[in-house]
Structures are given as structure tokens and as C-alpha cells.
A.B. asks: 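Dropping a structure here in C-alpha cells format, bear with me for questions.
Excluded from the calculations below are hydrogen atoms, water molecules and symmetry mates; all remaining heavy atoms, backbone and side chain alike, are included. These numbers were taken from a predicted model, which means no experiment stands behind them.
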Amino acid sequence: MSGSGTILDVEIIKLAGKGDGIAECNGKKVFVPFTVIGDVVKVSIIEENKNEIVASLVEIISPSPDRVESLCGHFTKCGGCNLQHINQNSYRKVKQDVLVNIVRRLGFEENLISEIFVVPEKSRRRAEVKISAKKESVKIGFNESRTYNIIDMEECYILDEAIYGLIQKFKKFVLDSNLENFTGLNITKLDEGLDVILTVKKRCNDDLKHQLKNFAQENNIIRLTEKTLYDSSRIYDSGNAYIKIADVKVEVTVGSFLQATIESQEEITRLVLANLEDSRKVADLFCGLGTYTFPALKFAERVLSFEGSEDMVMALLNAAKNHGLKNRVSAQVRDLYKNPLKSVEFKNIDTVIINPPANGAEPQIKEIAKSDVQKVIMVSCNPISFERDARILVASGYKLISTNSVDQFLFTSHLEIVACFVK
């Protein structure tokens, strides 16, 4: 076995699901980030076991024809992106192949897969960045890959310009104020402005809160919340923290889940609705603020929605009431991991829409698999948990009829999948 730091010359022959290049050496797979098929590279071993080697890129000896110059000067350091070095055609193929391989393993044909949808650059509407603040030095940005070192953000090709601009303004505010209390910013772009959660070491004093309130009002921040390790409190609230979902105005409670870009939310919604035309009674599981609940009313006579967050359920119900939809929408707080809907509870439900977190929805999927529901529309941000959950449905008699990939986390290996199953 070679030691850490050993130098190898290898050729990249394929890409792993997470985007690292794969070479072979002495019968072992060698994983090298920031490489592409056809690269001949010099690498340094980081870790090695009997089957695999993890290595870092030292030098590109001979670049692949598919390699391009990265857009961002932070690339390979900043942990926000890992696929800026691949040309567009290869990039799309890398992403699409993830879904192609899953569909094949599930036993279905590739013709069920539509062309991948890729969001534009600078479209990410939510981001969480870290802050390192000392008296004469402030860094704000994403962590360096595989470390806790903060890369001071001087440019970004994924974030909405309003979010990037606020990061730069806040950095100046911290420097000018000589402050060291801040450790992070969570920023979401809503319809009327920016919703910001400021992570702090300790509660801000009244003078600092006054400064922060003025900063918020001057920089289109519609709500500013301070968050400690133990609790959170509002510093400023304009009352305009909302988004419109299918023309329904919904309050966005602090920390609520939203899809990463407006473009991807619109595309995923379009794909969901394309499979809903014959549905009259729909269950929306992990419904959030009603991202698919309200659009589903275009076809459904009634939507029953379930979500683990009480705040999001209350926001959904209030929006339904304010728009005269109380008789067509119901929403219930329910932990669908600990207490999934039982198969008998799906009686008279035509279609289930399910959009679980990254770890999937295995307990709930098992109950759906035992039910008489005729159609399941799954929205998943994790190909691994998607495949596991899809296997449960297929084994119980569901047939995959369509799949789509949505690349909403640009320049990363993450992939959103939308799929429809029928029984």
C-alpha cells in the first residue's frame, strides 16, 4: 500500500456520481476531484484502502478536449462548486447520466427520460455563508472544500446578484463597525426583498440592533433575525416576507424551505401539473408552504397537505383562508418519518405528491406501496434516496411512466429528480 503524499500519473476514464474523476492504478479506483474524462494528470494520494485511492490534483499533464477554463477565480478552493471545469455538453451528460443509470437499474427504458433542465447562472435565491470577523479582517463566503476554512467571496456565478451584493455590503458594514460577533448569514430572496438570518455568538445589544435595523432598511432586507446557538429573535420585520405560489400570497416563516431557484420551482411545478390532469383528490406530503398544494388546485377539487413544521402549516392554512380556498385545502402537522400516513388513510386519494428531504421517505413510501393510490409523483433532491424509494414502489406494482432531471444546483453534482409512477 502506498503512503499518503505518494505521487501518481493517471488518466481519467470516467466520472463518479459526485463529479470526481476516476482513474485506475494497480487494480484500484483512483478518485480525483476537478478532473474530466480524458485528462492525464499528476495526483497526490490522500487516503488509500484495499479497493480505492482518494487523491488530490497536483498537475494537468494533458488536458481533455472536454475541459474548459472555470468561470470563477475561487474554483477548486471554494466548496460551493465542483463542476465548473467541464464543457456544457459533457456537463449535461454527467448530470443526465445519473438519472439514466437509475432508470436502467430500476428496469425501465431511457425513453422515459426528458432532456435535463438547467437553471441560469446567478439564479440561486437562497444561500448560507460563513463569517470570520476579526477587528481588521473579515471573511464572508463558503467553506473551502473538505475544510472549515472560509473562502472570502470576491465573485460568484451561482448566487442571485442581490444576494451576492448584500454579502459585499455586509462585509463592509462589519469592517466599518469593527465587530466580531457574527458567524454566518442565511439569505433568501423573496418577492419583495431579502430575508436574512444572522448567526451570532451572543445576543446583539440595543445599539448594535439599531445599527442592524438601519442596515436592513437601507439594503432591501425585509426581515432580519438574529440566531444564537440556543434561540432566535427578530431585529427587523417589514411585514413583507412572502412569496406568491400560483397567485396565492403565502407568508414565508423564518427558515422555511424553498426550492433553490425560481426557475427550478417553476419547472418542477410544470412537471408535477403535467401528471395531475386526471386527479381530483390529491395528497401533498412534505408540503412545505404549499409549493405544489396551491398549483394542484388547477385540477384537483381538494388537496390534503401534510408537513412536519407547524409554522409552515399555519402559513399554508392562513394563505388558503385569505384566498377563499379553505374548503379545498386542508393541512396537518405530521412527522411523516415517525408517524407516516397509513395505507388505509389514502382511501379515495387519486394521486400523491411527495417531496421529501434528502434522506428520502422510506417509512412513508412503504405505506404508499401498500395502498390503492393509482399515481405517485415524487420530487427528490437526492438520487440515492430516490432510487431506494422508487424500488419500493416498483416492487409493489407501480410502473415508472416519466422521469425528469432538474439541475438547480448549478456547477455541483447535486440533481433534482421528478418522476411519476402509476399502478
A.B. asks: Using ring pair (Phe, Tyr, Trp, His ring centres under 6.0 Å) as the criterion, list what pairs up with Phe215, not counting sequence neighbours.
C.D. replies: Phe170, Phe173
A.B. asks: Run the ring-centre check on Phe411 versus Phe75 and record whether the distance is less than 6.0 Å.
C.D. replies: no
A.B. asks: The criterion is side chain to side chain contact (heavy atoms under 4.5 Å, CB included); which residues satisfy it with Cys204, sequence neighbours excluded?
C.D. replies: Asn181, Phe182, Val200, Leu208, Lys209, Leu212, Glu226
A.B. asks: Can you tell me if Asn149 uses its side chain to pair, donor with acceptor, with the backbone of Glu144 under 3.5 Å?
C.D. replies: no
A.B. asks: Say whether, by atom type as modelled, one donor and one acceptor occur between the side chain of Lys375 and the main chain of Asn275 under 3.5 angstrom.
C.D. replies: yes
A.B. asks: Pair Phe286, Tyr292 - check ring-ring contact (aromatic ring centres under 6.0 Å, His included), show working.
C.D. replies: CA-CA 10 Å; Phe286 302 95; Tyr292 310 116; over 10 Å; no
A.B. asks: If we ignore hydrogens and angles and just use 3.5 Å, is the side chain of Glu155 paired with the main-chain N or O of Gly73 as donor and acceptor?
C.D. replies: yes
A.B. asks: Hey, is Lys171 close enough to Asp152 for a salt bridge, meaning N to O under 4.0 Å?
C.D. replies: yes
A.B. asks: Looking at Asp160 and Lys189, does any basic side-chain N land under 4.0 Å from a carboxylate oxygen?
C.D. replies: yes
A.B. asks: With sequence neighbours excluded, what pairs up with Phe421 under the ring pair (Phe, Tyr, Trp, His ring centres under 6.0 Å) test?
C.D. replies: none
A.B. asks: Keeping Asn382 on the side-chain end and Pro356 on the backbone end, is there a donor-acceptor pair under 3.5 Å?
C.D. replies: no
A.B. asks: Using the rule given for salt bridge (charged side-chain N to carboxylate O under 4.0 Å, His left out), can you reason through Lys244 versus Asp191, listing the C-alpha separation, both sets of side-chain angles and the distance that settles it, and then say yes or no?
C.D. replies: CA-CA 7 Å; Lys244 278 192 174 181; Asp191 288 0; over 6 Å; no
A.B. asks: Heavy-atom count around Asp247 CG within 6.0 Å, excluding the residue itself: above 12?
C.D. replies: no
A.B. asks: Examine the side chains of Gln211 and Asp207 and answer whether a donor and an acceptor come within less than 3.5 Å of each other.
C.D. replies: yes
A.B. asks: Got a salt bridge between Lys134 and Glu180, using NZ or NE/NH1/NH2 to carboxylate O under 4.0 Å?
C.D. replies: no
